[in-house]
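Read the structure below first, then the notes.
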2 protein chains.
Amino acid sequence: MGWEEIRAEVLSRIRARAWAPGAVIPGEEALAEEFGVSRATVNRALTELARAGVLERKRKAGTRVAALPVRRATFDIPVIRAEVQGRGQAYGIRLLREEISRPPVAIAAQLGWPILGGEAQGAMLCLETLHLADGRPFAHELRWLNPGVLPDPRPDFGAVSANEWLVAHVPFVTGDIAFSAEAAGEEVGRAMGLDPATPVLVTERCTWGEAAPVTWVRLTHAPGYRVKTVV
Amino acid sequence: MGWEEIRAEVLSRIRARAWAPGAVIPGEEALAEEFGVSRATVNRALTELARAGVLERKRKAGTRVAALPVRRATFDIPVIRAEVQGRGQAYGIRLLREEISRPPVAIAAQLGWPILGGEAQGAMLCLETLHLADGRPFAHELRWLNPGVLPDPRPDFGAVSANEWLVAHVPFVTGDIAFSAEAAGEEVGRAMGLDPATPVLVTERCTWGEAAPVTWVRLTHAPGYRVKTVV
DNA sequence: CGCCGCATTATGTCCAGACATAATACGAAA
DNA sequence: TTTCGTATTATGTCTGGACATAATGCGGCG
């Protein structure tokens, strides 16, 4: 009996409703004896199930079957170049705009960039990029970047996408992501060759390094793009 | 030194580029000795980092820093009722349609439902539901459900949403999810009181139980809805 | 020269025991 | 009766040892 077998057995008991949602299941000691393994092995299996959201564990209170199991999905955020090439298409990048200026207050606030008197303090690097797949627009990227994380001179973002440069040089940051559906709008529509009213999937990411904000980015994907995940 | 401290130390060495992307890091034995802990503790820390996508581990080959760190995000799929109530709004549900019929071939194929001669074999339960928040449309749900997983008589899906009934009674299934942006369209637009051209976020889920397909569902969210995740 | 099998090696898992920690429940004090 | 402290208890983590497993790479055989 390995911990994966224990996990499977526990899961099947939950499925079979031998242990009902909300109910406390036997303690690790008891299960260890029943399955003929050490407590550490049971612990590994139950910890794994708790991480998956199937069980809820608390010291002293014991382990109970999650009453309202929140399904947890994970998805990978690929580097766009890898994503395009993974589809067997040729990747291209076109830098539309690169300038240093003050970010809009809304973006500065989200990043935690200093704001004084209703205006952002200090300039950031603003990049507007078009990602191409087989020469056709694949995604439009609007990015504000903390110049403090960049070397001097700056990398050539017309050759390497900012995202790719960042994951290679400012790795393992934290951040949050949001998906929404919007109309392409005038500016992005013109850049991507779309009617301004076209529905497009928009990804907004906000990432921080160890202390300082790193970047805010808004990706507008071409129509038909889907974000896929596995539960 | 607990395993979390080990993890933090390893992570900071990676950030500081003491261990470069792609490079092999010292073996567990060596790290255990350096940190003055047992190998099991180092193993726990490294396993955790590998799960997060920061390290890649292979037997015999050793542990190396991920060269192209694929950022992995997780998000929770809440029960809609809980989501609405979590915003402090009143939840309501309106069952628009409930009928037994053959699913479209595209949906049957995706579920692995038997198809013969270009037509789905056997009927499924089709539900069309509107979820309300404070009386206003929150999401439109179109669902095809394997009647084999339901008891006889069927639950009252006008009172409990199918999703909620399923997570409580057919728990811990696998599935996949896809997000996309589309125009609301005639039918959904009418149900939600939206112009057919309005961009809306659409979630499509396909879930399977232990052996049989369970359900296919397409959720159309009200404009402005965002799916949020944390990296 | 090329291919296959085996020794080597790093990770994966397991055990038995121990102490740490958090949270509950119960008893004592106000 | 209420509140506070404490004993109890289940989980969390660690140790040091062991064997299992997979993948590499080398040496030998055809």
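Keep in mind the model is a prediction, meaning the values are calculated, not measured. Quick note on labels: first sequence line is chain A, next is B, and so on, each numbered from 1.
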Quiz item: Arg59(B) side-chain donor-acceptor pair to dT8(C) base, under 3.5 Å: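 Check fails, no donor-acceptor contact within cut-off.
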Under 3.5 Å donor-acceptor pair, Arg39(A) side-chain atoms to dG12(D) base atoms: yes
Thr203(B) versus His221(B), side-chain donor and acceptor atoms under 3.5 Å: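 Indeed, the side chains of His221(B) and Thr203(B) share at least one donor-acceptor pair under 3.5 Å.
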Distance-only side-chain donor-acceptor flag, Gln110(A) / Trp216(A), under 3.5 Å: yes
Whichever of Lys60(A) and Thr41(A) has its nearest DNA chain C nucleotide further upstream toward 5': Thr41(A)
NZ/NE/NH1/NH2 to OD/OE distance under 4.0 Å, Glu48(B) and Arg57(B): no
Interatomic distance, [X] [atom1] vs [N] [atom2] [rounded to whole Å]:
X        : N       : atom1 : atom2 : result
Arg64(B) : dT24(D) : CZ    : P     : 10 Å
Arg51(B) : dG12(C) : CZ    : P     : 11 Å
Ile25(B) : dT9(C)  : CD1   : P     : 19 Å
Glu56(B) : dT11(C) : CD    : P     : 14 Å
Leu46(A) : dT13(D) : CG    : C1'   : 15 Å
Glu33(B) : dG16(D) : CD    : C1'   : 14 Å
Phe35(A) : dA16(C) : CZ    : C1'   : 19 Å
Glu48(B) : dT11(C) : CD    : C1'   : 16 Å

Residue mapping more 5' on DNA chain D - nearest nucleotide basis, Ala40(A) or Gly62(A): Gly62(A)
Is the distance from OP1 or OP2 of [N] to the nearest side-chain N or O of [X] less than 4.0 Å?
X        : N       : answer
Lys58(B) : dT24(D) : yes
Ser38(A) : dG17(C) : no
Asn43(B) : dG12(C) : yes
Arg57(B) : dG12(C) : yes

Residues, nucleotides or ligands: over 12 heavy atoms within 6.0 Å of Arg94(B) CZ: no
Arg44(A) side-chain proximity, nearest of dG16(D), dT11(D), dT13(C): dT13(C)
Criterion side-chain hydrogen bond (donor to acceptor under 3.5 Å, both in side chains) against Tyr91(B), the qualifying member of Arg81(B), Gln85(B), His131(B): His131(B)
